[in-house]
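As structure tokens, the structure follows; a few thoughts come after it.
The model shown is predicted, which means the values in this text are computed figures rather than measured ones.
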Amino acid sequence: MKMKKDNNEAAKQFDELKLKNSELLSDLQRTRADFENYRKQIEMQKENERKAVKLATVMKFLPLLDDLDRAIATYAELEPLAKSMEKSLKDLGLTRISSEVGVEFNPDFHEAVTMEGEGEKQVIAETLRPGYLYENEVLRPAMVKVVCQ
């Protein structure tokens, strides 16, 4: 009888230890998952901060780019600089919005300062300030004059 009682008590202790082990394993898995989520969140925050700093830097360069465009337009010998500048801008994720004369006006990419003429088709007559896309999102719309044909 004593042996049976000891076996029952041992079985009971074994079940209790098994349950405790299961709870501890569950806690460990939850802690690992929480840590992994925390790590991913920190990485995402770091990436967002990098993007914000890069965007702020690019924004500060826009007036300089405008001045450089005017200088290139005035002095033809600076034309090779334009190609080098375009490549550098592309490396930064910055591309110029197409706003040449005759391009169809798109309010998502262009800001119309004036609209002249009557008609259905709206096309760009003149670019007053170039616009830029940053990582395929409008950073600054191109400022243009529009003619309706």
From Glu43 CD over to Lys46 NZ, what is the distance, rounded to the nearest 0.5 angstrom? 5.0 Å
Distance (rounded to the nearest 0.5 Å) between Ser22 OG and Leu17 CG: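 Interatomic distance, Ser22 OG to Leu17 CG, rounded to 0.5 Å: 12.5 Å.
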Using a 4.5 Å cut-off between side-chain heavy atoms of Ile, Leu, Val, Met, Phe, Trp and Tyr, which other residues end up in the same hydrophobic cluster as [X]?
X	value
Leu81	Leu55, Val58, Met59, Leu62, Leu65, Leu68, Ile72, Tyr75, Leu78, Met85, Leu89, Leu94, Tyr132, Tyr134, Leu139
Leu128	Val113, Met143
Ile42	Tyr38
Leu24	none

In chain order, what residues pass the side-chain hydrogen bond (donor to acceptor under 3.5 Å, both in side chains) check against [X], with sequence neighbours excluded?
X	answer
Thr95	none
Glu100	Ser98
Arg39	Glu36
Asn106	none

Tell me, yes or no, whether the heavy-atom count around Asn37 atom CG, taken from other residues, nucleotides or ligands under 6.0 Å, exceeds 12. yes
Tell me every residue that passes salt bridge (Lys or Arg N to Asp or Glu O under 4.0 Å) with Glu79, counting only those two or more places apart in sequence or in another chain.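 Per chain and number, Glu79 pairs via salt bridge (Lys or Arg N to Asp or Glu O under 4.0 Å) with no residue.
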Results of salt bridge (Lys or Arg N to Asp or Glu O under 4.0 Å) for Asp27 - residues two or more places apart only: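 With sequence neighbours excluded, Asp27 shows a salt bridge (Lys or Arg N to Asp or Glu O under 4.0 Å) to Arg30, given in chain and number order.
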Can you pull out every salt bridge (Lys or Arg N to Asp or Glu O under 4.0 Å) where at least one residue sits in residues 101-129? Sequence neighbours excluded, please.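 Pairs touching residues 101-129 that pass the test: Glu126-Lys145.
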Under the salt bridge (Lys or Arg N to Asp or Glu O under 4.0 Å) definition, can you give me all pairs with a residue in residues 86-98, not counting sequence neighbours?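 As it turns out, the salt bridge (Lys or Arg N to Asp or Glu O under 4.0 Å) pairs with a partner in residues 86-98, which skip direct neighbours, are Asp69-Arg96, Glu86-Arg96, Lys87-Asp91.
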side-chain contact (heavy atoms from CB on, under 4.5 Å) evaluation trace for Val101 with Ile124: CA-CA 5 Å; Val101 173; Ile124 296 173; 5.5 Å; no
For the backbone of Ser99 and the side chain of Thr127, can you confirm whether one donor and one acceptor N or O come within less than 3.5 Å of each other?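 Yes.
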Can you confirm whether Asp66 sits close enough to Pro130 that some side-chain heavy atom of one is under 4.5 Å from a side-chain heavy atom of the other? yes
Does a side-chain heavy-atom distance below 4.5 Å link His110 with Pro141? no
Salt bridge (charged side-chain N to carboxylate O under 4.0 Å, His left out) assessment of Arg70 paired with Asp67: CA-CA 5 Å; Arg70 284 189 288 277; Asp67 292 343; 2.4 Å; yes
Shortest non-hydrogen contact between Glu77 and Pro80, atoms and distance: O-CD, 3.4 Å
Nearest heavy atoms of Val146 and Ala112, plus distance in Å: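 Scanning both residues completely, I find the closest heavy atoms to be CG2-CB, 3.8 Å.
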If hydrophobic clusters are built from ILVMFWY residues whose side chains come within less than 4.5 Å, do Phe109 and Val144 share one?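 Per the 4.5 Å side-chain linkage, Phe109 and Val144 are not co-clustered.
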